[in-house]
Each structure stands twice: as C-alpha cells, then as structure tokens.
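Take a look at the structure below.
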Amino acid sequence: VTTISFANGLIFELPKLVYFLTKIGLLTPDFMRKYRKHAIVLTLILSAIITPPDVTSQVLVALPIILVSCVLLYIQANQSNIIQDEIANLNKDYKGFVTVGKSKLSVFGNFPHISIKIDDVRIYETKENTASSIMDVQDIYVGFSLIDIISGKYDIKSLLVENGVFNIVIHANNTTNIQNALATTI
C-alpha cells in the first residue's frame, strides 16, 4: 500500500515537472502537441505499473493527470491570445484604455487559482494620448478557476498586484478617474 501511495504521489507530480520544463524552455507547446500521443501512452504505462492489475484503477490514475496536463498545455499555448482578446474587449467597451506587456502561465503565483502573470499593466482614464495614468503596475497575477478555463469562461477569481502605483483622482464634478475609465462607451 505504501509503495502504491508513493508511486501515485510521484506520477501526480508529472504536470508540475512538465510546467517547470516548459518554463525553463526545455519543452515547448509545439513539441508537446507533436508528442502528446506518446505522453498519453507513457502516462497509461506508468499508471499500469503503479496500480493493481485492472483497467479501472489504471484509468482512474491516468485520467486526471492527462486532463490537467492538457489544460496546462492549452493555457500555455493560448495565454497571449486570451489576454489580448480580453484587453481588446475592455478597450472597446469602456472609455478607459488598458495596455499590457508580455504574459506567462504561473501555476503557483496565485495559488489555488491557475494564474497568468501579466507584465507592465497600465490603465489610463481615457483613450487620448494625453490621458493620465490610473495604474502602472509591473506584475499582475490574474487568477482563474480550472473549471472555468475548461468550460471557456475567463471569469477572474483573484488578482495579485506587485510593484506599482495606483493614482485615484477626484475631479471637480465629484467623479473619480476610475469611474470615468469604467464608463461604458455605449
């Protein structure tokens, strides 16, 4: 029993290993996409080795590992598109303007949520070139629920802001720059 528990613990660390190998550049999303069938077979073989000799146990161990790995691969490969699409929607729907730098997957940056770390986030009161900055932040971790990501919803569950400034201005008409930026364009 101890050996099976230990082996299960080790095999469930595989998604973390893949994440770190991707983060340091040894694995790329293209490489993993190309060899995903091999990875699934390898996961099934490892599951067969550490479980009792029946297919149900093997599948019960392998399936969560395969699903988590697939979701992490999807996020890793599509994170820039997800962020840019959401920023474009924000800039279209509101009077304020948002700019962002690079983004990268951060599984543990805002645990227990799956996070995307976004660099150099700036929010302006309006879309004008002379607009004053409301927020200028070096890093923001945007946290999503794993279930939401799987279902294609990107409802933000948490935000972790690091290294930046937040300027709140109250105008003469008693509105704030945040209220002006969040006013809809419709």
Under a 4.5 Å side-chain heavy-atom rule over Ile, Leu, Val, Met, Phe, Trp and Tyr, are [X] and [Y] clustered together?
| X | Y | value |
| --- | --- | --- |
| L67 | I40 | no |
| V41 | I49 | yes |
| L63 | L60 | no |
| V161 | V142 | yes |
| V165 | Y124 | no |

For this session: Could you tell me which residues satisfy side-chain hydrogen bond (donor to acceptor under 3.5 Å, both in side chains) with D155, sequence neighbours excluded, listed by chain and number?
Result: none

Residue [X] excluded, over 12 heavy atoms near [atom1] under 6.0 Å:
| X | atom1 | answer |
| --- | --- | --- |
| I170 | CD1 | no |
| N129 | CG | no |
| Y94 | OH | no |
| K102 | NZ | no |

Nearest atoms (heavy-atom pairs only) where [X] meets [Y]:
| X | Y | answer |
| --- | --- | --- |
| Q58 | S47 | O-CB, 3.5 Å |
| G96 | K127 | O-NZ, 3.1 Å |
| S80 | S103 | OG-OG, 3.7 Å |

Between [atom1] of [X] and [atom2] of [Y], what distance do you get to the nearest 0.5 Å?
| X | Y | atom1 | atom2 | answer |
| --- | --- | --- | --- | --- |
| I83 | I118 | CD1 | CD1 | 3.5 Å |
| D136 | D120 | CG | CG | 8.0 Å |
| L160 | H113 | CG | NE2 | 12.0 Å |
| N180 | T175 | CG | OG1 | 4.0 Å |
| Y141 | I116 | OH | CD1 | 12.5 Å |
| I134 | L182 | CD1 | CG | 7.0 Å |

[Y] backbone acceptor or donor facing [X] side chain under 3.5 Å:
| X | Y | result |
| --- | --- | --- |
| Q179 | T176 | yes |
| N177 | V169 | yes |
| E162 | I140 | no |

Exercise. Of all residues at least two apart in sequence or in a different chain, which pass the ring pair (Phe, Tyr, Trp, His ring centres under 6.0 Å) check with Y35?
Worked result: F31, H38

For this session: May I have the step-by-step check of side-chain contact (heavy atoms from CB on, under 4.5 Å) for I123 and V98, ending in yes or no?
Result: CA-CA 5 Å; I123 300 176; V98 180; 4.1 Å; yes

Exercise. Passes side-chain contact (heavy atoms from CB on, under 4.5 Å), K157 versus F144? Steps please.
Worked result: CA-CA 5 Å; K157 299 297 183 186; F144 302 97; 5.5 Å; no

Problem set entry | T126 and F97, any side-chain heavy atoms less than 4.5 Å apart | no

For this session: May I ask you to test the T184-D93 pair for a side-chain heavy-atom distance under 4.5 Å?
Result: no

For this session: Apply the side chain to side chain contact (heavy atoms under 4.5 Å, CB included) test between I87 and each candidate in I82, T99, V100; give the one that qualifies.
Result: V100

Problem set entry | Q138 side chain to N163 side chain, donor-acceptor N/O pair below 3.5 angstrom | yes

